[in-house]
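The structure appears below as structure tokens.
Numbers for residues simply follow the sequence, beginning at 1.
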Amino acid sequence: MTESTAAHDDRREFNSYDDPDAPWNQAVEVGVANWNGDVVAEFRANAGKVSGAYEGTTLLLLTTIGARSGRPHTVPLSPLYRGEVMYLSSFIEEKYPAWWHNIKANPAITVELGEATHTGRGRALEGEEYREFADWVLANNPLLAEFQAKITRPIPLVVLELDDRS
């Protein structure tokens with residue numbers, strides 16, 4: 001078992017970025033905002049458990065403050081780990097996700113994980129810290145490595161630092 005999965009065995013595994021069963025490859029009939037809203041509601045109603053494409057996957061709800069709007073925005077995401085360090089990335093091909101831009105503008109975050117709610121700070125990695133972390137991610141996460149090989153921009157990497165995480 002690798003350093004990134006040792007303490008997080010309950011995650012559903014996918015072997016390829018192009019896996020048709022992977023949640024990021026599912027057709028979404030409704031708009032992303034409506035889909036996210038449904039997942040958020042189900043997550044909150046079921047202590048972090050959801051059905052459908054993300055069934056069996058550990059999710060968190062990330063709330064950021066909109067970079068332009070100043071309003072809170074909540075999105076469901078799958079946390080990734082480097083040892084005890086929780087981080088996020090994205091499979092959006094054409095641009096960085098809104099939550100990445102929001103964290104760059106205002107690092108204050110709220111994270112819902114299971115039934116627990118944590119406050120903290122998100123940190124979009126840059127410079128040498130990004131290069132070192134990205135080297136590790138690409139060597140240890142085949143899905144992100146496969147995705148990175150298909151796009152020209154660097155994958156987004158954000159570390160979550162939770163104030164009350166033990």
query: Between R44 and E112, is any pair of side-chain heavy atoms under 4.5 Å apart?
result: yes

query: Does a sphere of radius 6.0 Å around CZ in R153 hold more than 12 heavy atoms from other residues, nucleotides or ligands, not counting ones at 6.0 Å or beyond?
result: yes

query: Can you name the residues that form a side chain to side chain contact (heavy atoms under 4.5 Å, CB included) with E129, not counting sequence neighbours?
result: R123, L125

query: Which residues pass the salt bridge (charged side-chain N to carboxylate O under 4.0 Å, His left out) test with E42, sequence neighbours left out?
result: none

field: Counterpart residues, ring pair (Phe, Tyr, Trp, His ring centres under 6.0 Å), relative to Y96 (two or more places apart)
entry: W100

query: Hey, does the side chain of R121 reach the backbone of L162 with a donor-acceptor pair shorter than 3.5 angstrom?
result: no

task: Apply salt bridge (charged side-chain N to carboxylate O under 4.0 Å, His left out) to E94 and list each qualifying residue two or more places apart in sequence or on a separate chain.
output: none

message: How long is the straight-line distance from CG of D135 back to CG of L138, given to the nearest 0.5 Å?
response: 7.0 Å

task: Supply the atom-to-atom distance W99 CH2 to I92 CD1, rounded to the nearest 0.5 angstrom.
output: 8.0 Å

statement: d(L60 CG, L88 CG) to nearest 0.5 Å is 6.0 Å

- prompt: Are R82 and Y87 in a cation-pi setup, meaning NZ or CZ lies under 6.0 angstrom from the ring centre and within 45 degrees of the ring axis?
  reply: no

- prompt: Above 12 or not: heavy atoms from other molecules or residues under 6.0 Å from CD of E128?
  reply: yes

message: With a 4.5 Å cut-off on side-chain heavy atoms, are Y130 and I155 touching?
response: yes

- prompt: Do you know the tightest heavy-atom contact between R71 and H73?
  reply: O-CD2, 3.0 Å

message: Rounded at 0.5 Å granularity, tell me how far OH in Y54 sits from CG in L59.
response: 7.0 Å

Contacts of type side chain to side chain donor-acceptor pair (under 3.5 Å), residue S89, not counting sequence neighbours: none

task: Hey, could you give me the CD/OG1 distance between E161 and T119, rounded to the nearest 0.5 Å?
output: 12.0 Å

message: Just so I know, are the side chains of R131 and E126 near enough to count as touching, which here means a heavy-atom distance under 4.5 Å?
response: no

message: Between V111 and T117, is there a side-chain heavy-atom distance shorter than 4.5 Å?
response: no

field: Non-neighbouring partners of Q148 that pass side chain to side chain donor-acceptor pair (under 3.5 Å), sequence neighbours left out
entry: none

- prompt: Is the backbone N or O of V137 less than 3.5 Å from a side-chain atom of N141, with the two atoms forming a donor-acceptor pair by type?
  reply: no

- prompt: Just how far is it from atom OG1 of T58 to atom CG of L77, taken to the nearest 0.5 Å?
  reply: 13.0 Å

4.5 Å side-chain heavy-atom contact, N102 and I65: no

message: Is there a side-chain contact between T64 and H101 in this structure, where contact means two heavy atoms from C-beta onward sitting under 4.5 Å apart?
response: no

query: With a 4.5 Å heavy-atom cut-off, do V40 and P76 have their side chains touching?
result: yes

Exercise: do T110 and T63 side chains pair donor with acceptor under 3.5 Å: no

